Colleague: 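One structure coming up, written as structure tokens, with questions to follow.
These figures come from a predicted structure and were not determined experimentally. We use all heavy atoms of the structure for the numbers below, so side chains are in, but hydrogens, waters and symmetry mates are not. Numbers here simply count residues along the sequence, with the first being 1.
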Amino acid sequence: MTTIYEFAVVEGQEWVLPVDDSYYEFFFSLDGAPLGRWEPPVMQRVSEGAPVYSDFPWLGEHAPLLRKPAVDALQASLGPYGELVPLRGEKVWLFNVTNMIDALDRERSEIVYFDDGDILAIERYAFHADKIGTAEVFKLPMRASPVFVNDVFVDRVRDAGLRMVSFRPRWISD
């Protein structure tokens with residue numbers, strides 16, 4: 001039995017956001033392609049109140065950010081699933097997931113569609129386990145897909161003692 005998770009924000013967790021708002025669309029549109037020659041945005045820590053340090057500061061479930069302790073602990077295991085790209089300003093790395101797997105089981109998921117048939121939201125995920133296989137990290141081939149991880153990856157994060165990172169279970173295989 002395998003559990004598939006997505007990253008979740010923790011109350012009080014620090015946020016790191018692009019200084020230039022136009023980059024939000026860029027982060028939403030990450031589609032599995034390597035970034036290649038790309039000018040990374042300047043990022044800044046949001047400082048409302050007293051945010052708690054995180055080895056995975058929050059930008060969103062679709063674009064995980066890592067601080068140096070997380071990069072050092074996970075770089076080797078992340079390699080097959082994407083690329084770590086240093087950003088400017090706040091010292092963080094974007095993990096650009098290039099492992100796209102069309103594993104969504106549309107019949108067993110609860111999906112809200114636009115009138116044109118595109119997916120608006122997925123309220124309950126179901127996956128085809130055989131398509132995921134042993135992949136520890138993946139995204140679905142759709143705009144703004146969350147980054148999904150399996151229980152092996154979650155255990156790696158916990159075993160490394162990384163701070164203020166949380167995962168929400170989204171599906172458990174039969």
Colleague: Verify, without hydrogens or angle tests, whether D55 (side chain) and A70 (backbone) share a donor-acceptor contact under 3.5 angstrom.
Modeller: no
Colleague: So which heavy atom on M164 is nearest to which on V52, and how close?
Modeller: CG-CG1, 3.6 Å
Colleague: For a quick test of reading the model, state the closest non-hydrogen atom pair linking G89 to V42 and the distance between them.
Modeller: CA-CG1, 4.1 Å
Colleague: Checking side chain to side chain contact (heavy atoms under 4.5 Å, CB included) against P57, which of L65, L66, L17 comes through?
Modeller: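 So the option named by the test is L65.
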Colleague: So for atom NZ, which belongs to K91, do other residues, nucleotides or ligands contribute more than 12 heavy atoms lying within a distance under 6.0 Å?
Modeller: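 Incorrect, the count does not exceed 12.
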Colleague: Would F167 and I4 show up in the same hydrophobic cluster when neighbours are defined by side-chain heavy atoms closer than 4.5 Å?
Modeller: no
Colleague: Does L162 form a side-chain contact (heavy atoms from CB on, under 4.5 Å) with L74? I'd like the steps, not just the answer.
Modeller: CA-CA 10 Å; L162 299 174; L74 301 172; 3.8 Å; yes
Colleague: Please go through M1's hydrophobic cluster and name the other residues, only I, L, V, M, F, W, Y counting, with side-chain heavy atoms under 4.5 Å joining them.
Modeller: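 M1 shares its hydrophobic cluster with I172.
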Colleague: List in chain and number order the residues that pass ring pair (Phe, Tyr, Trp, His ring centres under 6.0 Å) with Y53, two or more places apart in sequence or in another chain; answer none if no residue qualifies.
Modeller: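 Partners of Y53 by the ring pair (Phe, Tyr, Trp, His ring centres under 6.0 Å) criterion come out as none, since no residue qualifies.
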Colleague: Answer yes if the ring centres of F138 and Y81 are under 6.0 angstrom apart, and no otherwise.
Modeller: no
Colleague: Taking the six-membered ring for Trp, are the ring centroids of F28 and H62 within less than 6.0 Å of each other?
Modeller: yes
Colleague: Checking T3 side chain against D151 main chain: does a donor-acceptor pair fall under 3.5 Å?
Modeller: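 Side chain of T3 to backbone of D151, a donor-acceptor pair under 3.5 Å: no, none is there.
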Colleague: May I ask you to test the I111-R106 pair for a side-chain heavy-atom distance under 4.5 Å?
Modeller: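 The answer is yes; the side chains approach within 4.5 Å.
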Colleague: Where do I122 and R170 come nearest, in terms of heavy atoms and distance?
Modeller: O-NH2, 4.1 Å
Colleague: State which residue, out of V9, V154, V10, fulfils the side chain to side chain contact (heavy atoms under 4.5 Å, CB included) condition with S166.
Modeller: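 For S166, the side chain to side chain contact (heavy atoms under 4.5 Å, CB included) test succeeds with only one of V9, V154, V10, which is V10.
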Colleague: Taking only Lys NZ, Arg NE, NH1 and NH2, and the carboxylate oxygens of Asp or Glu, determine whether R45 and E90 approach each other closer than 4.0 Å.
Modeller: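 A salt bridge is absent here (no side-chain N lies under 4.0 Å from a carboxylate O).
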Colleague: Taking a hydrophobic cluster as the set of Ile, Leu, Val, Met, Phe, Trp and Tyr residues connected by side-chain heavy atoms closer than 4.5 Å, whether directly or through intermediates, do V46 and Y23 fall within one such cluster?
Modeller: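 They do share one cluster, since a chain of ILVMFWY contacts under 4.5 Å joins V46 to Y23.
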Colleague: Kindly write out the residues that satisfy ring pair (Phe, Tyr, Trp, His ring centres under 6.0 Å) with F95, not counting sequence neighbours, or none if the list is empty.
Modeller: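 By the ring pair (Phe, Tyr, Trp, His ring centres under 6.0 Å) rule, F95 matches no residue at all.
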Colleague: Restricting to non-hydrogen atoms, name the atom on A8 and the atom on Q13 that form the minimum distance, rounded to 0.1 Å.
Modeller: O-OE1, 4.0 Å
Colleague: Do L30 and M43 share a hydrophobic cluster, counting only Ile, Leu, Val, Met, Phe, Trp and Tyr and linking them when any side-chain heavy atoms are less than 4.5 Å apart?
Modeller: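 Same cluster.
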Colleague: Kindly indicate whether the side chain of S109, heavy atoms from C-beta on, has any atom under 4.5 Å from the side chain of L104.
Modeller: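 Side-chain contact under 4.5 Å: yes.
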Colleague: If I take atom CH2 from residue W15 and atom CG from residue L59, how far apart are they, to the nearest 0.5 angstrom?
Modeller: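 With rounding to 0.5 Å, CH2 (W15) is 8.5 Å from CG (L59).
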Colleague: Would you say S54 and E14 are linked by a side-chain donor-acceptor pair, where the criterion is simply a distance under 3.5 Å?
Modeller: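 Side-chain D/A pair, E14 to S54: absent.
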Colleague: Decide whether V19 and F27 are clustered together by the hydrophobic rule: side chain heavy atoms of Ile, Leu, Val, Met, Phe, Trp, Tyr closer than 4.5 Å, transitively.
Modeller: no
Colleague: Only pairs at least two apart or in different chains count here, so list each salt bridge (charged side-chain N to carboxylate O under 4.0 Å, His left out) that has a residue in residues 23-37.
Modeller: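 Checked against salt bridge (charged side-chain N to carboxylate O under 4.0 Å, His left out) - neighbours excluded - the pairs reaching residues 23-37 are E25-R143.
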Colleague: Quick check: do V16 and Q44 have side-chain heavy atoms less than 4.5 Å from each other?
Modeller: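 Answer no - side chains too far apart.
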Colleague: Determine, step by step, whether Y125 and L140 satisfy the side-chain contact (heavy atoms from CB on, under 4.5 Å) criterion, reporting the C-alpha distance in whole Å, the side-chain angles of both residues, the deciding distance to 0.1 Å, and the verdict.
Modeller: CA-CA 11 Å; Y125 286 91; L140 297 172; 4.1 Å; yes
Colleague: What distance separates S145 OG from M100 CE, expressed to the nearest 0.5 Å?
Modeller: 6.0 Å
Colleague: Between R156 and D159, does any side-chain N to carboxylate O distance fall below 4.0 Å?
Modeller: no
Colleague: Determine, stepwise, if the pair E123 / V112 fulfils side-chain contact (heavy atoms from CB on, under 4.5 Å).
Modeller: CA-CA 7 Å; E123 296 177 351; V112 178; 3.3 Å; yes
Colleague: Evaluate whether atom CG of D115 has more than 12 neighbouring non-hydrogen atoms of other residues, nucleotides or ligands under 6.0 angstrom away.
Modeller: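 No.
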Colleague: Looking only at heavy atoms, what is the nearest atom pair of T134 and N150, with distance?
Modeller: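 That would be O-ND2, 3.9 Å.
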Colleague: Looking only at heavy atoms, which two atoms of A135 and I101 are closest? And how far apart?
Modeller: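 Closest heavy-atom pair between A135 and I101: CB-CD1, 3.9 Å.
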Colleague: List in chain and number order the residues that pass ring pair (Phe, Tyr, Trp, His ring centres under 6.0 Å) with F26, two or more places apart in sequence or in another chain; answer none if no residue qualifies.
Modeller: W38
Colleague: Quick check: do F7 and P146 have side-chain heavy atoms less than 4.5 Å from each other?
Modeller: no
Colleague: What residues, two or more places apart in sequence or in another chain, satisfy ring pair (Phe, Tyr, Trp, His ring centres under 6.0 Å) together with W171?
Modeller: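 W171 satisfies ring pair (Phe, Tyr, Trp, His ring centres under 6.0 Å) with F127 only.
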Colleague: Please answer: with hydrophobic residues joined when any side-chain heavy atoms are less than 4.5 Å apart, are V137 and I132 in the same cluster?
Modeller: no
Colleague: Please report the C-alpha distance between L84 and L94 in whole Å, then the side-chain angles of each, then the deciding distance to 0.1 Å, and finally whether the side-chain contact (heavy atoms from CB on, under 4.5 Å) criterion is met.
Modeller: CA-CA 6 Å; L84 283 163; L94 165 68; over 6 Å; no
Colleague: Please check if any side-chain donor atom of N96 sits under 3.5 Å from a side-chain acceptor atom of E83, or the reverse.
Modeller: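 Side chains of N96 and E83: pair found under 3.5 Å.
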Colleague: So, do Y5 and F148 have ring centers that fall under 6.0 Å from each other?
Modeller: no
